[in-house]
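Quick note on labels: first sequence line is chain A, next is B, and so on, each numbered from 1.
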Amino acid sequence: MSSSATLMLEAQGIQIWRGEHLIIDDVSVSVPASSIVQIQGSNGSGKTTLLRALVGLAEIDEGQLFWQGEPMTRVRDEFYASLLYLGHKPGITAGLTPYENLMALCPEIVANQTVEKETRKWVLAVLTQLGIGDRIDLPSVALSAGQQRRVALARLTLQQATLWVLDEPLTSLDAEGQRWVKQQIQQHVATGGSVVFTTHQPIEFDDETVITLSLAQPS
Amino acid sequence: MSELMEFLSMGGYAFFVWSSYGLTTIILLAVVFWSSRQLKQSRTQAFRRALQHRNKQ
Amino acid sequence: MYRFAERLAPWLAILCVLTLAAGLYLGLVVAPADYEQGDSYRIIYIHVPAAWMSMFVYMVMATSSAVFLIWRLKIADIVAVASAPIGAAFTAVALLTGSFWGKPMWGTWWIWDARLTSELLLLFLYLGYLALRGALESPQSASKAAAILAIVGVVNIPIIHFSVEWWNTLHQPASITKFDKPSMHISMLRPLLLMVLAFQLLYFHNLMVRVRALILQRENRASWVAELAEKNHV
Amino acid sequence: MTSKKKEGPVNTGEFPSKQTVEFARGQRHDASAGHLCLRFFQRDLRLAVRSTGQWLNPLLFFVIVVSLFPLGIGPGPATLATIAPGVLWVSALLAMMLSLDSIFAHDYRDGTLEQMVVSGNPVSVMVIGKVMAHWVTSGLPLVLLSPLLGLMMQLPSAAYLTLVVSLLLGTLSLSFIGAIGAALTVSINQGGVLLSLLVLPLTVPVLIFGSSAVSAVASGLEASAHLSLLAAIATLSASLAPIAIAGAIRIGVAASR
């Protein structure tokens with residue numbers, strides 16, 4: 001793990017226009033190693049667009065992105081290799097079962113035949129924690145939107161990534177689910193990883209320093 | 001006068017030659033005017049918005 | 001860039017009018033009638049330049065799209081956007097004059113000749129480009145997507161042309177006179193070259209005008225636009 | 001990493017052995033390109049098998065369109081035989097167009113396409129897997145059914161083999177060229193019509209060589225030249241198209257709100 005001093009992700013002077021109005025006005029974000037960065041803002045404040053811009057899924061008009069000190073354009077593949085992005089859309093294919101979806105999304109758990117049985121138990125264990133253990137082999141179309149989000153959230157444990165970028169991870173989750181997600185985040189940060197996420201209202205982490213960036217409603 | 005008439009008749013193909021020239025000029029002129037109108041429009045719009053933008057800052 | 005286009009435009013306009021007048025005068029008045037096609041061949045003085053320009057403009061579009069995709073030069077995208085409608089107009093002119101020329105020669109308005117068919121397909125490529133650019137809302141993705149389409153298109157143009165030529169020789173017994181130009185006497189050739197030059201100048205003049213319009217549209221937040229505004233209004 | 005967590009209300013599965021976790025962790029990026037491509041090929045194939053509509057509709061469309069022509073033009077065997085190659089080829093082309101936008105549209109809507117772009121693996125390799133799956137699910141059924149429809153169109157018996165071979169090569173190029181259009185229009189909601197407008201001019205060479213190959217053999221001539229050109233176009237599109245498709249996907253994903 002890089003020492004805590006080095007910066008994971010850094011964005012300088014990001015400006016994003018949509019048509020005539022400026023939705024992200026000169027925002028700079030820096031995400032040091034093993035830290036939690038919370039982008040807080042009301043609906044329409046452009047926090048999702050900013051988050052997507054950080055991972056290259058939204059156009060940036062002005063501004064620069066850096067990954068571990070290198071300009072993003074040069075290290076895009078390494079950046080994506082160590083990124084776990086959960087957006088508004090869960091990324092779950094309706095036609096596949098949760099197990100097949102997770103196998104497709106997390107390359108780590110694509111085990112060969114000898115370990116197939118073991119990996120399946122591990123996926124089942126994580127899904128059970130999220131309360132959807134019994135749905136592991138149902139086609140995802142039978143799952144509600146909330147349950148599909150939980151399948152996507154299961155990747156927090158199943159997938160190994162140094163940087164987590166999560167879009168409102170706690171919405172549509174019950175207290176149990178929210179506690180599980182917070183736990184994953186704390187453990188991830190404890191092992192040196194970093195987490196960037198958007199939220200409506202600020203979230204407290206008991207002993208973690210949380211960097212909060214609040215986006216004002218665009219003028 | 002008759003020389004002009006003979007020129008216009010285009011050896012009997014007057015209709016085809018002149019209509020194709022006519023159509024071409026219409027299309028090309030349309031493009032030219034459309035572009036210059038677009039320029040005028042965006043000039044006024046851009047100037048207005050630029051001034052607004054500057055006064056707002 | 002804006003000032004460069006602004007200064008260049010009037011010169012291009014004057015040059016274009018001059019060459020156009022010279023070309024038309026030479027082509028319509030001086031050049032002798034063709035022994036076989038009579039005076040109807042004079043349509044060639046707009047058909048061939050238009051057809052040539054439709055191809056030329058698509059090449060300009062494709063190269064500026066490639067420059068835009070590789071080096072992210074905004075001005076290259078503006079040139080591609082500005083040239084597309086002009087290229088489409090030239091293709092339409094080429095098709096129209098082609099069919100008007102075909103009527104007296106072969107008695108039908110539309111003949112499936114190799115060159116006319118490729119011209120028709122080129123028109124579809126232009127329309128596809130303009131439709132794609134119109135359909136995508138966000139300007140950045142519209143420019144990039146259209147740029148990819150232009151490049152894919154330019155790769156396909158020779159293939160399409162070759163396959164249409166092949167298709168034409170396959171289905172059309174060679175005996176019917178092909179569409180190529182009658183053997184060109186120097187006095188006929190000179191106006192043709194003048195007309196091609198005139199069309200080139202027309203295109204570049206128009207390009208300068210449209211480029212300025214697009215620069216203003218996209219840069220209206222820039223400070224230099226405000227100064228320009230004061231200079232003109234004051 | 002697998003420290004004891006506070007158990008959720010229902011916890012049937014116990015935790016897998018340490019060895020599984022370590023083994024699985026190490027596999028992040030050794031998946032070779034072929035393995036990656038195969039994974040997406042199998043995924044799309046499994047999806048297609050599960051929703052029969054996806055591969056059945058183009059097939060039914062192909063059958064119906066071909067049978068419309070004798071109704072429209074009259075059942076005379078002579079006329080049908082002369083137009084048979086053209087009719088079969090144009091209907092196959094249109095049937096392929098029908099199923100093209102489903103390659104990326106579903107993945108775009110549910111976010112899987114985003115995950116592909118963000119996964120760090122080369123997008124063009126995944127795209128090859130997906131397009132091959134589309135070819136197998138919508139191209140091959142057409143090819144297998146075409147002799148039957150050739151009978152219906154009174155196609156001379158000599159031409160059936162060429163029909164199958166030309167359609168095999170042709171549908172492959174159509175899948176790749178069409179996928180470029182599908183990727184370009186992925187972020188447009190009713191992109192279907194625009195998709196055809198963009199793609200059809202690009203498919204003209206395939207149509208010309210394909211149908212002329214069949215009609216050449218039908219009239220007793222040799223079609224090896226046509227088929228070799230078809231094969232050339234197929235390899236050209238199979239190698240160049242994925243690059244354009246990957247670029248278009250990156251743009252389409254960034255365009256969504």
- [ ] Evaluate the side chain to side chain donor-acceptor pair (under 3.5 Å) criterion for residues C/T91 and C/E119: first the C-alpha distance (whole Å), next the side-chain angles of each, then the deciding distance (0.1 Å), finally the verdict.
- [x] CA-CA 7 Å; C/T91 331; C/E119 201 66 41; 4.7 Å; no
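- Considering only heavy-atom pairs separated by less than 4.5 Å from chain C, the leading option among D/L197, D/I180, D/L194 is D/L194.
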- [ ] Assess whether side chain to side chain donor-acceptor pair (under 3.5 Å) is satisfied between D/H226 and D/S166, documenting all intermediate values.
- [x] CA-CA 9 Å; D/H226 308 71; D/S166 63; over 6 Å; no
- [ ] Any chance you could lay out the side chain to side chain donor-acceptor pair (under 3.5 Å) test for D/S212 and C/W167, step after step, and finish with the verdict?
- [x] CA-CA 8 Å; D/S212 58; C/W167 167 82; over 6 Å; no
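- Annotation: side chain of D/V127 is not in contact with side chain of D/F40 (no heavy-atom distance under 4.5 Å).
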Task: Steps toward side chain to side chain donor-acceptor pair (under 3.5 Å) verdict (C/Y58, C/S83) - done: CA-CA 8 Å; C/Y58 200 95; C/S83 333; over 6 Å; no
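- Side-chain contact between C/V60 and C/M55 is absent, with no heavy atoms from C-beta onward closer than 4.5 Å.
- Taking chain D as the reference chain and counting heavy-atom pairs below 4.5 Å, the highest number among C/L121, C/L132, C/L127 is found for C/L132.
- Proximity to chain C is limited to the side chain of D/I208, based on heavy atoms less than 4.5 angstrom apart.
- No part of D/I177 comes within reach of chain C, as not one of its non-hydrogen atoms sits under 4.5 angstrom from that chain.
- Using a 4.5 Å heavy-atom cut-off against chain D, the contacting residues of residues 150-162 of chain C are C/V152, C/G153, C/N156, C/I159, C/I160, C/F162.
- Contact of D/L236 with chain C is made through the side chain alone, with heavy-atom distances under 4.5 Å.
- Between C/W166 and D/F209, the distance separating the two ring centers is shorter than 6.0 angstrom.
- Using the six-membered ring where Trp is involved, C/F56 and C/W52 have ring planes that are parallel, under 30° apart on the 30 and 60° scheme.
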